[in-house]
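Protein chains get the first letters and strands the later ones, always in sequence-line order, with residue 1 at the start of each.
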There are 2 protein chains.
Amino acid sequence: MDEPADRHTLTEKVRLGELFSVDCPSREVLKSVSSLWGVLCLISLRERTLRFSELRRSATGVSEKMLAQTLKRLEEDGFVLRHALETVPPHVEYSLTDLGLQVSERVVALVDWIELNTPHVMAFRRERAGP
Amino acid sequence: MDEPADRHTLTEKVRLGELFSVDCPSREVLKSVSSLWGVLCLISLRERTLRFSELRRSATGVSEKMLAQTLKRLEEDGFVLRHALETVPPHVEYSLTDLGLQVSERVVALVDWIELNTPHVMAFRRERAGP
DNA sequence: CAGTATCCCTTTTGATACTG
DNA sequence: CAGTATCAAAAGGGATACTG
């Protein structure tokens with residue numbers, strides 16, 4: 001189900017120079033999905049629906065501006081659903097769409113690997129920097 | 001084999017605010033691996049060893065400067081191996097290390113999904129932008 | 001609370017030219 | 001060929017103040 005073996009494979013596209021041609025929208029999608037704040041939002045929202053302020057705390061270090069911008073983009077791309085309750089004070093909930101859940105699975109696989117292997121990377125860096 | 005179920009899960013870390021704390025080196029690794037040129041290099045090198053100029057053609061639109069910088073970083077992190085033949089003119093070959101092959105698998109899974117689903121994203125964008 | 005608007009600084013990136 | 005050096009342009013990002 002993950003193998004679209006009936007059409008051009010990814011490596012084939014790379015060889016043909018078809019992958020991510022300069023004006024390809026895929027590059028934009030990759031950017032929003034793999035940016036630091038994009039990643040953090042997608043991962044945080046996997047567990048449950050979160051409010052703006054909760055997301056802010058999840059993504060340590062993010063500014064309001066960046067979070068708003070990131071969420072807007074993820075919403076425009078159909079990855080995140082924004083649900084605003086008409087109350088005072090405002091209460092807005094963000095959750096993943098089906099599409100968002102799907103990407104987030106790939107993103108988690110990548111981030112999980114990175115989390116697990118960053119120690120190796122650090123050790124490697126120190127080795128080659130050392131005496 | 002992909003489930004480190006015996007320790008903190010990713011979502012747990014997110015809840016605890018442990019994931020990607022501001023000064024965490026994982027963020028750096030994520031950046032080099034998920035940057036546009038990083039992604040393109042990793043994917044291109046999966047198929048076979050490539051020379052600098054070949055990589056340049058693979059990653060359409062990359063400048064020499066960015067490619068050199070990206071490769072240097074991937075090399076420092078232990079993802080890419082640089083093999084320079086002492087000839088004139090110079091001949092340098094880049095290939096993936098074991099570690100590089102591992103990340104690239106996760107990266108490919110993500111990019112493959114994006115390639116396949118970008119049409120949906122585009123359609124979604126048009127819909128909500130429409131009349 | 002959940003943003004938007006503004007200002008301003010820093011980092012990234014790209015073009016171009018040059019070198020071993 | 002495989003880079004480095006340099007400069008200018010652009011994007012990214014933070015702090016603060018303000019609004020519905």
Criterion side chain to side chain contact (heavy atoms under 4.5 Å, CB included) on B:Leu67 and B:Cys41, from CA distance to verdict: CA-CA 9 Å; B:Leu67 182 56; B:Cys41 286; 3.6 Å; yes
Non-hydrogen atoms of B:Glu54 and B:Thr49 that approach each other most closely: OE1-O, 4.4 Å
Heavy-atom side-chain proximity of A:Leu110 to B:Val103 below 4.5 angstrom: yes
Secondary-structure string, 5' to 3', Watson-Crick or G-U under 3.5 Å, | for another-strand partners, for DNA chain C: ||||||||||||||||||||
Donor-acceptor contact present, side-chain A:Thr97 to main-chain A:Phe79, <3.5 Å: yes
Gap between atoms CD and C1', on A:Glu93 and C:dG3 respectively (whole Å): 16 Å
Where protein sits on nucleotides 14-20 of chain C, one letter per nucleotide: B base, S sugar-phosphate only, - none, heavy atoms under 4.0 Å: BB-B--B
Side chain to side chain, B:Leu74 and B:Leu45, heavy atoms closer than 4.5 Å: no
Ionic contact status for A:Glu105 with A:Arg46, cut-off 4.0 Å: yes
Minimum-distance nucleotide (side-chain atoms of A:Lys72 versus D:dG12, D:dT4, C:dT4): C:dT4
Sub-4.0 Å heavy-atom contacts from residues 76-88 of chain B onto DNA chain D, ordered by number: B:Arg82
d(CZ, A:Arg51; P, C:dG3) in whole Å: 10 Å
Any donor-acceptor N/O pair, B:Ser26 side chain to A:Glu115 backbone, under 3.5 Å: no
For atom CG of A:Leu50 and atom C1' of C:dC1, their distance in whole Å: 15 Å
Validation row: B:Trp37, B:Leu71 side chains within 4.5 angstrom (heavy atoms): no
B:Leu55 backbone acceptor or donor facing B:Ser44 side chain under 3.5 Å: no
Atom pair distance, as rounded to whole Å: CG in A:Leu67 and C1' in C:dC1: 13 Å
Distance in angstrom units between B:Tyr94 OH and D:dA2 C1', rounded: 7 Å
Rounded distance (Å) that lies between atom P of D:dT4 and atom CG of B:Leu71: 10 Å
Euclidean distance, atom CG of residue A:Leu40 to atom P of D:dG13 [Å, nearest integer]: 12 Å
A:Leu50 and A:Glu93, any side-chain heavy atoms less than 4.5 Å apart: no
Polar side-chain atom of A:Ser32 near backbone of A:Val29 as donor-acceptor pair, under 3.5 Å: yes
Protein-nucleotide distance (B:Lys31, atom NZ; D:dA11, atom P), rounded to Å: 17 Å
